[in-house]
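Every value quoted in this text rests on a predicted model; they were computed, and no experiment measured them. The figures here come from the full heavy-atom set of this structure, side chains too, leaving out hydrogens, waters and symmetry mates.
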Amino acid sequence: MKKSLVAGVIAAACVTVTTVGLGATPASADPNDCPKKYVCVWDNSNYEGRFVFVPGTERPNVGEYMNDRTTALSNRTGSHVCFYQNSNGKGSLLARVGPGDSRPNVGPTANDRISSWKAC
Ligand SMILES: [Ca+2]
């Protein structure tokens with residue numbers, strides 16, 4: 001009796017874990033998944049889809065994998081960070097995000113245009 005109860009509890013725990021796995025998106029869905037002192041960007045709104053997590057406040061070129069794809073972002077650094085249209089902080093300033101702030105959607109002006117960022 002006791003043994004089967006333990007088995008039942010373990011089975012229930014496994015079911016719970018499976019449900020969480022299916023409920024979550026494959027990549028991420030929470031700006032706090034971005035580690036402290038990192039800047040993180042995601043392809044889709046609400047922190048979903050492909051992503052790049054970068055330590056520090058500088059990224060002169062986000063790279064081909066994420067170039068012109070960013071739709072959501074999180075700034076977990078202690079500085080304001082500015083996001084630019086071109087590499088090396090050139091082109092239009094598309095977004096300025098305060099320390100600890102995040103954007104589930106950067107909006108139509110900045111969407112799918114960010115190529116670099118730096119503290120500002
Ligand atoms: Ca996108």
Point-to-point distance, once rounded to the nearest 0.5 Å, from CZ of F51 to OH of Y65:
7.0 Å

R76: what forms a side-chain contact (heavy atoms from CB on, under 4.5 Å) with it, not counting sequence neighbours?
N32, C34, K36, S74

If hydrophobic clusters are built from ILVMFWY residues whose side chains come within less than 4.5 Å, do M66 and V39 share one?
yes

Sort and list the pairs that fulfil ring-ring contact (aromatic ring centres under 6.0 Å, His included) and have at least one residue in residues 96-116, not counting sequence neighbours.
none

Check side-chain contact (heavy atoms from CB on, under 4.5 Å) between V54 and all other residues, then give those that pass, not counting sequence neighbours.
V52, R59, W117

Residues at least two apart in sequence or cross-chain that pass side-chain hydrogen bond (donor to acceptor under 3.5 Å, both in side chains) with D43, listed by chain then number, are R69

State which residues pass side-chain contact (heavy atoms from CB on, under 4.5 Å) with D68; sequence neighbours excluded, sorted by chain then number.
S115

Under 3.5 Å, side-chain donor or acceptor atoms of residues 79-96 against the rest of the protein: list the pairs with distances, not counting sequence neighbours.
unit_1	atom_1	unit_2	atom_2	d
Q85	OE1	S92	N	3.1
Q85	OE1	S92	OG	3.2

T77: which residues meet the side-chain hydrogen bond (donor to acceptor under 3.5 Å, both in side chains) condition with it, sequence neighbours left out?
N75

For L73 versus V41, what's the shortest heavy-atom pair and its separation?
CB-CG1, 4.0 Å

Can you give me the closest heavy-atom contact between F53 and P35, atom names plus distance?
CD2-CD, 3.7 Å

Restricting to pairs with a member in residues 99-113, which pass side-chain hydrogen bond (donor to acceptor under 3.5 Å, both in side chains), not counting sequence neighbours?
Y47-S102, T71-N111, T71-D112

